[in-house]
Amino acid sequence: MLARLPLAYLLLMAAFSTAALCLAVQRLTGARKATVAVFLASVACCLGLIAVGATQYQHWNARQMLVMYSFTLAGLLIGFVPSRKILLEYRDEWRSGVKRERYEYPTRYAGFVCASVILMDFLAFILAT
């Protein structure tokens with residue numbers, strides 16, 4: 001259903017999800033280098049997703065892969081919402097010079113990130129076909 005939209009809308013959807021991820025990284029780290037690295041990695045992942053989709057047996061087209069990419073990033077952003085306090089706390093400690101031997105990331109937060117990405121990918125699969 002969403003793959004039938006004009007390509008401009010799908011590109012806009014992908015650009016919006018990439019921008020939202022970059023803004024979240026900028027807010028979390030405050031480092032421009034990290035934001036640029038995430039931007040370049042997400043663009044490379046989008047292009048890689050389109051290339052892999054084209055080589056599959058089902059021959060997923062670029063429109064379907066753009067929907068999948070956008071929903072995956074949305075799931076990632078939704079998944080990090082519950083852990084934002086602990087991540088911001090670690091950022092503040094890092095900025096003030098406090099170094100820990102190990103930064104603990106609770107399993108429930110990691111599980112929520114995985115579950116939200118899987119759920120959004122499943123939703124993208126349903127809406128892209």
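On a predicted model such as this, the values are computed, not experimentally measured, just so you know.
- Within 6.0 Å of CZ on Arg27 lie no more than 12 heavy atoms contributed by other residues, nucleotides or ligands.
- For Arg100, the CZ atom is densely surrounded, since the number of other residues' heavy atoms within 6.0 Å is greater than 12.
- Met1 is connected to Leu5 through a chain of hydrophobic side-chain contacts under 4.5 Å among Ile, Leu, Val, Met, Phe, Trp and Tyr, so both are in one cluster.
- Residues Leu88 and Leu77 share a single hydrophobic cluster, defined by chaining ILVMFWY side chains whose heavy atoms lie under 4.5 Å apart.
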I'd like to know whether Leu2 forms a side-chain contact (heavy atoms from CB on, under 4.5 Å) with Phe71, so could you lay out the CA-CA distance, the side-chain angles of the two residues, the decisive distance to 0.1 Å, and finally the verdict. CA-CA 11 Å; Leu2 285 177; Phe71 274 67; 3.7 Å; yes

Please tabulate, for the side chains in residues 116-128, all donor-acceptor contacts under 3.5 angstrom to protein atoms that are two or more places apart in sequence or on a different chain.
unit_1: Ser116; atom_1: OG; unit_2: Gly75; atom_2: O; d: 2.8
unit_1: Ser116; atom_1: OG; unit_2: Gly79; atom_2: N; d: 3.4
unit_1: Ser116; atom_1: OG; unit_2: Phe112; atom_2: O; d: 3.2
unit_1: Ser116; atom_1: OG; unit_2: Val113; atom_2: O; d: 3.0
unit_1: Asp121; atom_1: OD1; unit_2: Thr72; atom_2: OG1; d: 2.4

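- In this model, a donor atom of one side chain and an acceptor atom of the other lie less than 3.5 Å apart for Tyr105 and Ser83.
- Contact annotation: the side chain of Gln56 approaches that of Val52 to within less than 4.5 Å [non-hydrogen atoms, C-beta and beyond].
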Go through it in stages, so that I can follow the logic: the residues are Tyr69 and Met13, the test is side-chain contact (heavy atoms from CB on, under 4.5 Å), and I'd like the CA-CA distance, side-chain angles, deciding distance and then a yes or no. CA-CA 9 Å; Tyr69 170 78; Met13 195 165 73; over 6 Å; no

Can you give the donor-acceptor pairs under 3.5 Å from side chains of residues 43-50 to other protein atoms, not counting sequence neighbours?
none

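- The cluster map of Ile, Leu, Val, Met, Phe, Trp and Tyr, joined by side-chain heavy atoms under 4.5 Å apart, puts Ile86 and Tyr103 in the same cluster.
- Atom CZ of Phe16 is surrounded by 12 or fewer heavy atoms from other residues, nucleotides or ligands within 6.0 Å.
- In terms of modelled atom types and a separation under 3.5 Å, the side chain of Arg95 and the main chain of Thr29 share a donor-acceptor contact.
- For Tyr90, the OH atom sits in a packed shell: over 12 heavy atoms of surrounding residues, nucleotides or ligands are nearer than 6.0 Å.
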